[in-house]
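For reference, the structure is listed below as structure tokens.
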Number of protein chains: 2
Amino acid sequence: MSKQAAVDGLCCPPLSERRVPAETAATLAPAFKALGDPVRLQLLSMIASAEGGEICVCDLTPAFDLTGPTISHHLRTLREAGLVDADRRGTWVYYRARPAILHQLAALLTVVPTGADPAPAARSECS
Amino acid sequence: MSKQAAVDGLCCPPLSERRVPAETAATLAPAFKALGDPVRLQLLSMIASAEGGEICVCDLTPAFDLTGPTISHHLRTLREAGLVDADRRGTWVYYRARPAILHQLAALLTVVPTGADPAPAARSECS
DNA sequence: TGTCAACCTAGACGAATGTCGAAACAAGCG
DNA sequence: CGCTTGTTTCGACATTCGTCTAGGTTGACA
């Protein structure tokens, strides 16, 4: 099995609802870790918000003061965390976000309005 | 000292809606990084899901095969990331989650339904 | 007041991470 | 075929991270 699988099948227990089991933590922590770098956070944002749902590496690289290999390294990290998907078409490589896992991470962090927490927008659905 | 501030005042631009600016990325990345460890993910979950909204360190430590100082170190990381708040009462120290930043992180990861349509509708400005 | 328990801080050490330059691989084009 | 451009891999380095042991600080209690 490749490095980025495993995450896809999981559902999403809200973190503040019940204690997340060790194996779920072990599965999702790498995804959060991948988001724990400002460059990768911006890269993912650029990919996820791209017109048409995908973006060329050649549009990502010049947006940072980093060398090509370094950007490639960060993209690989995002890929191995299962957050994005790469696809080579001719000379260029295009990246696409994987909404499922983003949704899963968001659901995990969602605070349900239990107790003294007047948080609106309670959404805990899980596809 | 003020290591955990800065996060509180921010608004929440959906990551897939618009490109997250560098300074927002730099501010939120440490919070994601703090979540990027299985132990801390479980710790936060135990804190956030605790009865009464808070939990004693003495209830957290025995749940892991780690020494006290190591748990303390992870709790300090969560504290400095602004994810939790500590409060000493007598002999014991109690930890409490900060729902605001969790909500903010969740909002950032929220995917606008069916990312195939990049039509911009409503966006929240954040400066 | 003395003693004990709970918790944190300090220092150390191996492992992982972020970054780079150089080189290799892939695709298009003259 | 060989050259150019775009992208990834490789090897190296400094920095950061996760964990430990040892020691310090705070508060409860006899």
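In what follows, chains are A, B, ... by sequence order, proteins preceding strands, each numbered from 1.
Atom pair B:Arg76:CZ and C:dA10:P shows a separation of 7 Å (rounding to whole Å applied). For the pair B:Leu41 CG and D:dG18 P, the computed distance is 13 Å after rounding to whole Å. Straight-line distance from the OH atom of A:Tyr94 to the P atom of C:dA27: 14 Å, rounded to whole Å. If you take CZ of A:Phe32 and P of D:dC17, they are 18 Å apart, rounded to a whole angstrom. Atom CH2 of A:Trp92 is separated from atom C1' of C:dC29 by 12 Å (rounded to the nearest Å). Per the geometry, CG belonging to A:Asp37 stands 17 Å off P belonging to D:dT15, to the nearest Å. Between the C1' atom of C:dC7 and the CG atom of B:Asp87 lies a distance of 14 Å, rounded to the nearest Å. Nucleotide D:dC20 holds its P atom 9 Å from the CG atom of B:Asp65, rounded to whole Å.
Residue contacts for B:Tyr95: at a heavy-atom cut-off of 4.0 Å it reaches the sugar-phosphate backbone alone, with no base atom in range. Among the atoms of the strands shown, only primed sugar atoms or phosphate atoms (P, OP1, OP2) are found under 4.0 Å from some heavy atom of A:Gly90. If you check every strand for non-hydrogen atoms under 4.0 Å, B:Leu75 touches nothing. Contacts of B:Arg89 with the nucleic acid, taken as non-hydrogen atoms under 4.0 Å apart, are absent. Counting any heavy atom pair closer than 4.0 Å across all strands shown, A:His74 reaches sugar-phosphate atoms only and no base atom.
Neither OP1 nor OP2 of D:dC17 sits under 4.0 Å from any side-chain N or O of A:Lys33. At the phosphate of D:dT8, neither OP1 nor OP2 sits under 4.0 Å from any side-chain N or O atom of A:Arg88.
Nearest-nucleotide assignment on DNA chain D puts the 5′-proximal partner with A:Thr91, out of B:Arg40 and A:Thr91.
Closest contact between the side chain of B:His73 and the listed nucleotides D:dT19, D:dT8, C:dC8 involves D:dT19. The side chain of A:Thr70 has C:dC20 as its nearest neighbour among D:dT7, D:dC20, C:dC20. When distances are taken from the side chain of B:Thr67 to each of C:dT19, D:dT21, D:dT9, the shortest belongs to D:dT21.
Taking the charged nitrogens against the carboxylate oxygens, A:Asp37 and B:Lys33 have no contact shorter than 4.0 Å, which rules out a salt bridge.
For residues 68-104 of chain B, no pair satisfies disulfide (SG to SG under 2.5 Å), with sequence neighbours left out.
A side-chain donor from one of A:Thr70 and A:Thr67 sits under 3.5 Å from a side-chain acceptor of the other. No hydrogens or angles considered: nothing links the side chains of B:Arg88 and B:Tyr94 as a donor-acceptor pair under 3.5 Å.
Under a cut-off of 6.0 angstrom, the local environment of CG in B:Asp87 is crowded, with over 12 non-hydrogen atoms contributed by other residues, nucleotides or ligands.
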